[in-house]
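See below for the structure under consideration.
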Amino acid sequence: MRVVVAGATGVVGRPIVRELVSNGHEVTGLVREQADGEVLKQLGAATLVADALDAESVDSAIAKARPEVVIDQLTALPRHYTPEAMRSALELTKKLRISGGGNVQQAAERHGAARYVAQSGCYYYQPGPGLAD
């Protein structure tokens, strides 16, 4: 099966690509910069460069890949977690998930992908001192 993974070089995207390739699927990862494609090449996947926030570049990439399935793992979350890094990544992650994900989904629909899979998340926390009133 031809699969495109948007967010393919991220913390969740890499294991997805690895698993898909090991199961015989033809995988293409969307990356912002060609240099990011080296990781995908090592995993056995092809690379297409597209900025998820640029609808035209996404549309062009999806058209070239002709995927049957598109998996959306777009985030800007830091590979190495610190509270500061997480805070600074949240605004771009929000844009990627809303606008970028919309661009990817619309391109997938336009170019005949049979399935579109998007990540979901739920965050919870234990209130600390002074927060449990």
Side-chain angles (χ1 to χ4, degrees):
M1 187 177 319
R2 288 184 315 278
V3 181
V4 164
V5 180
T9 59
V11 173
V12 177
R14 287 182 195 201
I16 289 172
V17 169
R18 187 178 298 113
E19 189 67 23
L20 288 167
V21 168
S22 73
N23 282 287
H25 298 288
E26 181 182 325
V27 181
T28 300
L30 293 184
V31 297
R32 276 180 277 188
E33 298 177 17
Q34 188 61 44
D36 295 332
E38 189 57 38
V39 170
L40 298 178
K41 184 177 177 182
Q42 292 172 5
L43 295 174
T47 300
L48 285 171
V49 177
D51 178 349
L53 298 175
D54 177 352
E56 288 182 30
S57 72
V58 170
D59 190 74
S60 176
I62 297 292
K64 287 178 189 170
R66 300 179 357 264
E68 297 165 88
V69 176
V70 173
I71 299 174
D72 176 353
Q73 288 294 316
L74 293 170
T75 70
L77 299 177
R79 191 167 305 285
H80 302 290
Y81 176 85
T82 66
E84 296 77 26
M86 189 65 149
R87 273 191 293 280
S88 68
L90 289 178
E91 190 60 35
L92 180 54
T93 292
K94 181 179 172 182
K95 285 181 184 177
L96 285 169
R97 288 185 172 163
I98 295 170
S99 299
N103 291 338
V104 173
Q105 183 177 15
Q106 290 168 10
E109 290 174 5
R110 203 170 13 259
H111 297 290
R115 300 272 187 268
Y116 180 82
V117 180
Q119 71 172 261
S120 176
C122 178
Y123 302 96
Y124 64 94
Y125 65 95
Q126 176 65 40
L131 297 176
D133 294 327

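The residues of the chain are indexed from 1 along the displayed sequence. These figures come from a predicted structure and were not determined experimentally.
The two atoms that bring A8 and G29 nearest to each other are CB-CA, 3.7 Å, heavy atoms only. Of all heavy-atom pairs between Y116 and G101, the closest is OH-O, 3.2 Å. Closest approach of A52 to L96, counting heavy atoms only: CB-CD2, 4.0 Å. Of all heavy-atom pairs between A76 and A89, the closest is O-CB, 3.2 Å. The shortest heavy-atom contact between L74 and D72 is N-OD1, 2.9 Å. The shortest heavy-atom contact between S88 and A85 is OG-O, 3.0 Å.
Under the 4.5 Å side-chain criterion, counting only non-hydrogen atoms from C-beta, T47 is in contact with Q34. Using a 4.5 Å heavy-atom cutoff, the side chains of V31 and L40 are in contact. Looking at heavy atoms from C-beta onward, M86 lies in side-chain contact with L77 at the 4.5 angstrom threshold. You'll find the side chain of H111 reaches within 4.5 Å of the side chain of D59, heavy atoms only. No side-chain heavy atom of V3 sits less than 4.5 Å from a side-chain heavy atom of P67. Contact annotation: the side chain of Q119 approaches that of R97 to within less than 4.5 Å [non-hydrogen atoms, C-beta and beyond]. Counting only heavy atoms from C-beta outward, the side chains of V69 and R2 never approach each other to under 4.5 Å.
E38 CD to E33 CD: the interatomic distance, rounded to the nearest 0.5 Å, is 14.0 Å. Remark: T28 OG1 to R66 CZ distance equals 9.5 Å, nearest 0.5 Å. Distance CZ/R18 to CD/Q42: 10.5 Å, rounded to 0.5 Å. Distance OG1/T9 to CG/L30: 10.0 Å, rounded to 0.5 Å. Considering CG of D54 and OG of S99, their distance stands at 12.0 Å, rounded to 0.5 Å. Separation of atoms CZ (R87) and OG1 (T82) is listed at 8.0 Å; rounding is to 0.5 Å.
The number of heavy atoms from other shown groups lying within 6.0 Å of CD (E109) is above 12. More than 12 heavy atoms of other shown residues, nucleotides or ligands fall within 6.0 angstrom of atom CD in E68. The environment of E84 atom CD is dense: over 12 non-hydrogen atoms of other residues, nucleotides or ligands sit within 6.0 angstrom. Within 6.0 Å of CZ in R32 there are 12 or fewer heavy atoms belonging to other residues, nucleotides or ligands.
Hydrophobic clustering, with ILVMFWY side chains joined whenever heavy atoms are under 4.5 angstrom apart, groups V39 together with V49. Grouping the Ile, Leu, Val, Met, Phe, Trp and Tyr side chains by contacts below 4.5 angstrom, directly or via other members, places M1 with V5. Under the 4.5 Å side-chain heavy-atom criterion for ILVMFWY residues, no single connected hydrophobic cluster contains both I16 and V70. Hydrophobic clustering of Ile, Leu, Val, Met, Phe, Trp and Tyr side chains at less than 4.5 Å, counting indirect connections, unites V104 with L53.
For the side chain to side chain contact (heavy atoms under 4.5 Å, CB included) with I71, the lone residue among V4, L20, V17 that qualifies is L20.
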